[in-house]
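Predicted model only: the values in this text are computed from it and were never measured. One is the number of the first residue; the rest follow in order along the sequence.
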Amino acid sequence: MMIYIPKIIILMVMLLNFNNVYSQMLNRERIVSILNEGHQMDQAPRYIIDSLMRAGENDGNKYYEAILKMNHNDSLNQKTILPLIDSIYELQIYDLDSTSYNTCWEIIQHSPNEVLSKYYDFVNNLLKKGLIPRSSYMAYIDRVEVESSRPQLYGYQFHRFTNGAVTQYPLLKGYKKRWEKMGLEYSENNLIPSEYKANLKDKICIDRKQFAIIGLIENHFSDSDVNNISITINGTNKINIDSNGLFKMVVKKKDLPLVIYFTIAGRSKSFTVEKVQDKSFIMLNCIFSDNTIDIMKE
């Protein structure tokens, strides 16, 4: 007599056997070793970039090779480490050392937006189990928001323009209360990385109904300085440009779209800021030269 066994039961048994075998293959020492290699790859080019920033280096060409290496290493880590993180999460492996879990956070943190969002539950578990610092979790949440062009909640994310000027991505109002809910006291001095402090400009705080526009003027016009460049909204409201070429403005979302006019030596170019659902800011890089005015989204 043939005994009928439902296919779903067979599949479950196969999966259980696979997980047991895979769990044995992924012994703790091997996991830690792989994650340590991933950490070295993640941090090595970033150490070079940070050292250049601490030295006050503003020549973008000197960053180029390190940035290429950073992007290459991030791509390799995403291919090799993310599947390992999947296994750690699925098999509920929570008895590694803290450095290993911090590496998991690093690899996720330096991945594209779709990867960041995918691992929300995993990062949240690491926080609940005390395996990563609260500051790491907060930086992760801010990264998820910023990558979706929404204001950050805590203030951990910064943007460095090509001329060395640094700005905080827009902050959602009420951030100090959110720090308190995390059991921490907001400290701007400790929050800002040391390599950013010298060039950091005032932050922008917005609410859910506002939209921030942040940009950099790169002036390569031979006979003019940044003070001779005019920026206006809809041809009327003039926007200030600081000595580093940075400009910032906050408008109401309901007033979008709007047109920004950039003018120098009788030449002008317009850029339309569109209203996009669930977007709260835009970063612009504006390059002025004798022949062209180029306005690009960062």
Side-chain angles (χ1 to χ4, degrees), residues 42 46 50 85 89 94 98-99 101-161 165-215 246 248-256 275-283 298:
D42 179 271
R46 288 179 167 86
D50 288 349
I85 293 174
Y89 183 48
Y94 290 117
S98 59
T99 302
Y101 293 114
N102 193 60
T103 298
C104 291
W105 168 81
E106 284 175 351
I107 305 304
I108 294 169
Q109 183 82 342
H110 297 145
S111 297
N113 190 36
E114 60 272 15
V115 175
L116 281 167
S117 301
K118 172 185 174 182
Y119 289 99
Y120 175 82
D121 288 340
F122 175 65
V123 176
N124 199 40
N125 271 357
L126 295 182
L127 175 71
K128 288 180 178 178
K129 294 178 182 294
L131 299 173
I132 58 171
R134 284 169 290 181
S135 58
S136 294
Y137 172 79
M138 293 157 73
Y140 164 78
I141 293 297
D142 278 350
R143 184 69 177 268
V144 170
E145 296 301 298
V146 164
E147 288 295 314
S148 297
S149 297
R150 297 189 295 262
Q152 54 184 326
L153 304 184
Y154 302 103
Y156 274 93
Q157 299 302 319
F158 297 82
H159 182 80
R160 181 186 184 277
F161 285 99
V166 175
T167 185
Q168 233 173 350
Y169 281 100
L171 262 164
L172 186 66
K173 290 179 179 178
Y175 57 91
K176 289 186 179 180
K177 290 184 178 179
R178 287 188 287 275
W179 275 69
E180 289 175 5
K181 287 183 179 180
M182 293 295 295
L184 299 172
E185 183 179 354
Y186 178 79
S187 173
E188 191 165 280
N189 191 53
N190 293 332
L191 175 68
I192 302 169
S194 59
E195 62 270 23
Y196 289 167
K197 288 179 181 177
N199 296 319
L200 182 66
K201 302 305 169 187
D202 293 337
K203 59 177 172 288
I204 287 182
C205 294
I206 60 176
D207 60 35
R208 295 292 186 188
K209 295 182 179 180
Q210 293 177 312
F211 190 93
I213 302 164
I214 302 173
L246 278 178
K248 302 177 182 181
M249 65 193 87
V250 175
V251 299
K252 295 178 180 178
K253 286 184 178 179
K254 68 180 182 63
D255 293 335
L256 298 175
K275 183 176 183 178
V276 180
Q277 186 67 26
D278 204 31
K279 304 287 185 183
S280 295
F281 70 85
I282 188 172
M283 310 286 286
E298 284 273 300

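- Note that OG of S135 is 7.5 Å distant from CH2 of W179, once rounded to the nearest 0.5 Å.
- Annotation for Y154 and Y186: closest pair O-CE1, 4.1 Å, computed over non-hydrogen atoms.
- Residue T103 holds its OG1 atom at 12.0 Å from CD1 of I132, rounded to the nearest 0.5 Å.
- In this structure, the side chain of E145 does not engage the main chain of L153 through any donor-acceptor pair within 3.5 Å.
- One N or O on the side chain of D142 and one on the backbone of G155 form a donor-acceptor pair closer than 3.5 Å.
- For the pair F161/T167, a side-chain contact is recorded, criterion being any heavy-atom separation below 4.5 Å from C-beta on.
- The shortest non-hydrogen separation linking S280 to K253 is OG-NZ, 3.1 Å.
- Note that CD of Q157 and CD of E147 are 8.0 Å apart. Values are rounded to the nearest 0.5 Å.
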Can I get a per-line list of side-chain donor-acceptor pairs under 3.5 Å for residues 170-177, giving both atom names and the distance, sequence neighbours left out?
none

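- Heavy-atom contacts from other residues, nucleotides or ligands closer than 6.0 Å to CD of E185 number 12 or fewer.
- In terms of heavy atoms, F122 sits closest to C104 at CE2-CB, 3.9 Å.
- Although no hydrogens or angles enter the test, the distance criterion places a donor-acceptor pair under 3.5 Å between the side chain of R134 and the main chain of M182.
- Q109 places a side-chain N or O within 3.5 Å of a backbone atom of A139 that can act as its donor or acceptor partner.
- Y119 OH to S111 OG: the interatomic distance, rounded to the nearest 0.5 Å, is 8.0 Å.
- Remark: R208 CZ to R150 CZ distance equals 7.5 Å, nearest 0.5 Å.
- Residues Y140 and W105 come closest through the heavy atom pair CB-NE1, 3.6 Å.
- Two residues are said to be in side-chain contact when any heavy atoms from C-beta on lie closer than 4.5 Å; I282 and F211 meet this criterion.
- The heavy-atom pair separating A212 from I206 by the smallest distance is CB-CG2, 4.3 Å.
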Legend entry - Step-by-step side chain to side chain contact (heavy atoms under 4.5 Å, CB included) determination, F281 to I204: CA-CA 10 Å; F281 70 85; I204 287 182; over 6 Å; no
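- Between S148 and N113, the closest side-chain pair of non-hydrogen atoms falls below 4.5 Å.
- From D42, atom CG reaches atom CD1 of I107 across 4.5 Å, with rounding to the nearest 0.5 Å.
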